[in-house]
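Every chain is numbered from 1, with letters handed out A, B, ... down the list of sequences.
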Protein chains: 4
Amino acid sequence: MSSIESQSRRSIGAARNPDSHEAILAAAEEIFCEAGYAGFSIEAVARRARAGKPTIYRWWPSKAHLLLDVYTRLKSSRMPDPDTGTLEGDIRSFLTELVRFWSGNTGGVYKSLIAEAQADDKAAEALQAYSIERTQHTAGMFERAKARGEMRADADSLAASDLMSAYAWKLLLTDRLADQADIIDKVTSILVRGLVK
Amino acid sequence: MSSIESQSRRSIGAARNPDSHEAILAAAEEIFCEAGYAGFSIEAVARRARAGKPTIYRWWPSKAHLLLDVYTRLKSSRMPDPDTGTLEGDIRSFLTELVRFWSGNTGGVYKSLIAEAQADDKAAEALQAYSIERTQHTAGMFERAKARGEMRADADSLAASDLMSAYAWKLLLTDRLADQADIIDKVTSILVRGLVK
Amino acid sequence: MSSIESQSRRSIGAARNPDSHEAILAAAEEIFCEAGYAGFSIEAVARRARAGKPTIYRWWPSKAHLLLDVYTRLKSSRMPDPDTGTLEGDIRSFLTELVRFWSGNTGGVYKSLIAEAQADDKAAEALQAYSIERTQHTAGMFERAKARGEMRADADSLAASDLMSAYAWKLLLTDRLADQADIIDKVTSILVRGLVK
Amino acid sequence: MSSIESQSRRSIGAARNPDSHEAILAAAEEIFCEAGYAGFSIEAVARRARAGKPTIYRWWPSKAHLLLDVYTRLKSSRMPDPDTGTLEGDIRSFLTELVRFWSGNTGGVYKSLIAEAQADDKAAEALQAYSIERTQHTAGMFERAKARGEMRADADSLAASDLMSAYAWKLLLTDRLADQADIIDKVTSILVRGLVK
DNA sequence: CGCTAACCGAGACGGTACGTCTTGTCTTGTT
DNA sequence: AACAAGACAAGACGTACCGTCTCGGTTAGCG
């Protein structure tokens with residue numbers, strides 16, 4: 001349990017109190033890890049963080065924004081961005097590492113974010129922005145393969161990045177993150193053959 | 001508004017009343033189309049269908065099961081299961097038709113089902129069962145390509161089916177169903193090259 | 001558990017089945033004793049008696065009628081009707097015995113009957129009829145005292161009976177049946193002095 | 001119909017809102033008078049008062065507590081507490097006034113309270129506390145008679161008060177409040193003779 | 001140096017939906 | 001015709017959260 005929440009905090013005046021901010025994020029993460037998305041309510045976070053509900057609503061306009069912050073906060077251990085020197089190695093490594101990365105609580109948060117985005121427009125926007133940024137970033141992996149002359153120039157890097165991450169999403173959303181080495185190999189093989197010269 | 005809900009129904013005794021069953025599904029569909037997942041509550045469905053809540057809970061153990069039934073009911077217009085004679089035609093046709101199929105309310109229902117599955121275990125089970133059945137069915141498309149000698153024997157049909165549908169899921173979940181002809185082409189191209197001999 | 005309810009009964013044709021009748025009363029009594037008035041529902045009785053709800057509704061038009069039957073059934077041990085030879089002895093004995101009589105489940109049933117009568121008209125009628133009959137019967141006790149020349153001729157026997165039983169009702173309804181020997185003495189004393197010549 | 005419910009109320013913050021409190025009591029009283037105990041549900045009161053159910057449950061832990069408050073609120077016209085100068089006058093006056101006081105809706109509320117107390121423990125407690133307080137208060141009437149030297153010193157004031165009110169309870173509970181002048185006279189006569197020197 | 005504005009915790013508020021329970025009616029198929 | 005079984009519409013139960021509001025208090029920074 002974080003030390004923050006056990007202390008009593010007060011307003012520090014007409015400015016955002018960083019202690020409250022931190023305590024809320026910490027409480028949100030704890031609750032998510034303990035009770036999952038089902039038990040994740042603004043009410044519960046406020047209770048745990050010893051914060052007023054309006055304080056949360058003031059800084060996070062929706063549950064999704066809070067969730068996104070929790071996700072970003074969990075990403076201290078970096079996202080996969082492999083550079084093994086071969087396309088096959090990169091793809092396999094990307095999928096394997098992403099699956100491992102999501103296997104902890106992180107995956108649960110991201111799943112919930114996707115779920116939330118299906119009902120809430122603000123969440124959808126936030127997710128879309130984040131997802132596009134990620135897809136573009138990962139497309140760099142394929143650009144490097146093109147630069148090496150390993151990948152066809154007429155294959156679309158963004159499309160490849162999108163397709164690869166789509167597969168990871170589906171593994172996440174259908175609870176099949178565990179023991180996927182063999183099926184990752186098969187998918188990697190299809191993708192590599194589809195992209196190499 | 002359905003004609004069913006305005007009529008008065010009577011119990012037909014100690015057996016499931018198909019009128020009630022139908023009225024509930026119809027009401028569920030209507031509410032979903034009008035108010036979306038956010039407005040979709042058992043309470044509202046019961047009200048609209050002029051049914052008691054326990055009647056709904058008796059037959060659908062969770063919101064997800066009801067949602068799944070609504071989805072199945074919407075599938076009167078058949079799911080895509082193309083057989084164009086070439087692998088490329090099949091894949092492009094599958095993705096194009098699925099995107100078109102999901103562009104109406106059906107897509108909204110399926111999205112909500114996926115979202116629901118992230119929070120509720122029963123929903124997750126129901127979706128998983130359904131998803132596996134669909135993936136296996138669609139794998140038949142690739143088996144036919146193998147039989148024609150068009151597709152590599154060592155490429156896994158299930159993995160291919162899974163990867164292809166994963167891409168469709170991501171389009172659905174990130175609200176990119178509209179105007180995807182070009183990107184579908186690009187993805188189709190990657191998949192075909194990855195699978196052909 | 002009664003032996004009746006464990007056997008499976010069937011209709012004996014176009015006539016009232018006395019087994020069902022008995023099983024229902026037995027179940028009603030058991031449920032009342034186990035769970036009190038709060039847990040006493042037609043539903044529960046039907047379940048316990050392995051009877052259909054309509055069967056109960058056919059023979060007992062309201063919960064109160066069923067309750068009254070249960071009460072009558074419990075009265076195998078006779079109601080108090082003392083004849084000690086003195087007015088004081090009779091009054092003290094009546095109150096003491098009634099308190100003892102009600103101290104078991106019987107009191108609970110009677111309380112519930114009174115409670116039910118406050119909400120349900122049919123119950124009120126049934127209770128009123130029963131109560132009048134009892135008051136008149138108990139008035140006989142005072143008539144005997146008059147005949148003995150012990151009680152004033154101008155004191156109304158019905159009023160005395162009514163007042164005495166009113167006190168018992170209040171003890172019952174305010175959960176003060178236990179350890180009332182001293183207060184019964186005090187009330188007896190007031191009543192005796194109020195009635196003797 | 002009260003004017004309160006048609007106005008819109010606003011929260012006055014983290015303190016109990018007296019408008020809501022009042023609106024709920026008013027609605028409760030109205031519903032009770034219109035529909036009786038049978039139609040008296042927390043749900044209905046909330047609807048009528050335009051209050052949320054949790055607001056009611058926050059302040060009144062059970063239906064009985066709400067009922068008790070409604071009863072207390074109706075007591076603006078004071079409870080009988082006569083001081084005629086003679087014991088006989090006091091008793092007759094007490095019973096007559098109480099019967100008149102209960103003849104309106106007040107009696108219905110009190111009856112329901114007694115009924116509720118037979119099924120619900122919290123109601124029983126609340127009623128018991130109230131009833132004891134009343135009995136003790138009324139005992140003062142008899143203490144005054146003792147001080148005047150009119151009543152026997154060895155007659156118990158509490159017992160007398162209890163017995164007298166018990167009779168009123170029974171009249172109330174058996175729907176015999178109307179036209180009881182003669183029987184009240186008879187009972188008064190018994191009580192007076194039982195208590196005077 | 002006093003005023004004001006934004007912050008803080010707390011929590012009450014009107015609502016909505018939850019999932020369960022009971023009510024009294026109705027129908028089925030069996031005896 | 002009575003029975004066991006149980007589906008049905010209706011609606012109350014008490015709880016959990018939602019998002020908004022007000023309270024009383026605190027502090028920073030402007031005037």
Base versus backbone protein contacts along nucleotides 14-19 of chain E [heavy-atom cut-off under 4.0 Å; B, S, -]: BBBBBB

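One interatomic measurement links the two molecules: CH2 of Trp60(B) to C1' of dC8(F), which rounds to 13 Å at whole-angstrom precision. Rounded to a whole Å, the CG atom of Leu66(C) is 11 Å from the P atom of dT23(E). As rounded to whole Å, 13 Å separates atom P of dT20(F) from atom CD1 of Ile56(A). Computed from coordinates, the Tyr37(C) OH to dT22(E) P distance equals 13 Å when rounded to whole Å. Arg48(C) has its CZ atom 16 Å from the P atom of dA4(F), to the nearest Å. The separation between Asp19(B) atom CG and dC26(E) atom C1' is 14 Å, rounded to whole Å. Rounded to whole angstrom, the span from the CD atom of Glu22(D) across to the C1' atom of dA12(E) amounts to 18 Å.
Scored by the salt bridge (charged side-chain N to carboxylate O under 4.0 Å, His left out) test, Glu125(D) finds no partners at all (sequence neighbours excluded). Under the rule for a side chain to side chain contact (heavy atoms under 4.5 Å, CB included), the partners of Arg58(D) that lie at least two apart in sequence or sit in another chain are Thr55(D). By the side chain to side chain contact (heavy atoms under 4.5 Å, CB included) test, Ser62(A) pairs with Ala64(A), His65(A), Asp120(A), Lys122(A), sequence neighbours left out. Contacts of Ala46(C) classified as side chain to side chain contact (heavy atoms under 4.5 Å, CB included), with partners at least two apart in sequence or in another chain: Lys53(C), Ile56(C).
With rounding to the nearest 0.5 angstrom, the CH2 atom of Trp60(D) is 6.0 Å from the CG atom of Asp69(D).
Under the ring-ring contact (aromatic ring centres under 6.0 Å, His included) criterion, the residue pairs touching residues 23-52 of chain C are Phe32(C)-Phe40(C), with sequence neighbours excluded.
Residue Trp59(A) places at least one side-chain N or O closer than 4.0 Å to OP1 or OP2 of dC8(E).
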